[in-house]
Amino acid sequence: AQAEAAFQAQERIVALQGHIESVIMEFGREVWEFHQAKLWLALGYDGFRPWAADVGIDIRRAYMAMGVHATYVIGRGVQPVALLTRPDGRPRSYAKLDLVRPIVTEGNLDQVLALVDAHPVGELRKAVAEQLHRALPGPCGWLGDYCYKQRCPIGNDACRGCKVKFEEEA
C-alpha cells in the first residue's frame, strides 16, 4: 500500500515537472517573439532589460528560454513537444537542454539529446567543455550557465559559450 502511494506521488511529481518544462517552452517562444519585434518600445520602454525589470521578468530566465527556443525550435526545427519528451515518455530537462546548446550542430542533434537523457548535469558540463575543446575550468573560469548577452557574465569578451547572441539594449 505504501509503495503504491509512493509510486502515485512520483507519477504526479513527474507529470508536474513535465508541465513546468512545457510552460517554460511556451514562455521562451513568447519572450522570443516579444524580443524580436522589440515590443517593449510600444510600451514606452527604452530597452528589453528595463521592460523585464519593471514587469518582474527574471532576465536570466528570459535569455535562457529564448536561447533554447532559438537553438532548437528556430534553429533546428524541433517541435516543442518532441524536444521536451524523452523516448521513454518522461519529460526532458529544460535546464539540461540549455546547458548543451553550445554543442548543438546541424548534424548532432539526436546525439546531443541522447546525451541529455543519459547523463546528470555534472557529466553534461564536462561533455560540453570537452566538445568545446576547453579544459575545465574554461578559459574564463566560468562553468555556470552560459552567457546570453554580448559579453561574458564575468567580463571575458572572448567567451565562446553562447551560440545565439542577442542585442544588448540600453
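Keep in mind that the numbers below use all heavy atoms, side chains included, and drop hydrogens, waters and symmetry copies.
Side-chain contact between Thr85 and Pro91 is absent, with no heavy atoms from C-beta onward closer than 4.5 Å. Residues Ile24 and Leu84 form no side-chain contact, since every pair of their non-hydrogen atoms from C-beta on lies 4.5 Å or further apart. Counting only heavy atoms from C-beta outward, the side chains of Ile13 and Gln10 never approach each other to under 4.5 Å. Between Phe27 and Ile57, some side-chain heavy-atom pair lies under the 4.5 Å cut-off. Side-chain contact between Trp32 and His35: absent, with no pair of heavy atoms (C-beta onward) separated by less than 4.5 Å.
Residue Thr71 forms a side chain to side chain contact (heavy atoms under 4.5 Å, CB included) with just one option from Val104, Leu83, Val78, Leu109, and that option is Val104.
Note: Ile59 CD1 to Arg61 CZ = 12.0 Å, rounded to the nearest 0.5 Å. If you take CE on Met66 and CG on Asp98, they are separated by 11.5 Å, rounding to the nearest 0.5 Å. From Tyr72, atom OH reaches atom CD of Gln79 across 15.5 Å, with rounding to the nearest 0.5 Å. The NE2 atom of His69 sits 9.0 Å away from the CD atom of Gln36 when rounded to the nearest 0.5 Å.
Placement of Leu43 and Val31 within a single hydrophobic cluster is found when ILVMFWY residues are connected by side-chain heavy-atom separations under 4.5 Å, directly or transitively. Hydrophobic cluster membership is shared by Leu39 and Val55, with clusters built from Ile, Leu, Val, Met, Phe, Trp and Tyr side chains linked at under 4.5 angstrom. The cluster map of Ile, Leu, Val, Met, Phe, Trp and Tyr, joined by side-chain heavy atoms under 4.5 Å apart, puts Tyr63 and Val23 in different clusters.
Checked by atom type and distance alone, the side chain of Lys96 never pairs as donor or acceptor with a backbone atom of Leu124 at under 3.5 Å. A donor-acceptor contact shorter than 3.5 Å links the side chain of Tyr94 to the backbone of Ala65. Although no hydrogens or angles enter the test, the distance criterion places a donor-acceptor pair under 3.5 Å between the side chain of Asn108 and the main chain of Ile103.
In this structure, the ring-ring contact (aromatic ring centres under 6.0 Å, His included) partners of Phe34, at least two apart in sequence or on a different chain, are Trp51.
Classification of Arg86 and Glu21 as a salt-bridged pair fails, no side-chain N sitting under 4.0 Å from a carboxylate O.
Here the closest non-hydrogen pair linking Phe48 and Ala62 is CZ-CB, 4.2 Å.
More than 12 heavy atoms of other shown residues, nucleotides or ligands fall within 6.0 angstrom of atom CZ in Arg92. Within a 6.0 Å radius of CD in Glu11, other residues, nucleotides and ligands contribute more than 12 heavy atoms.
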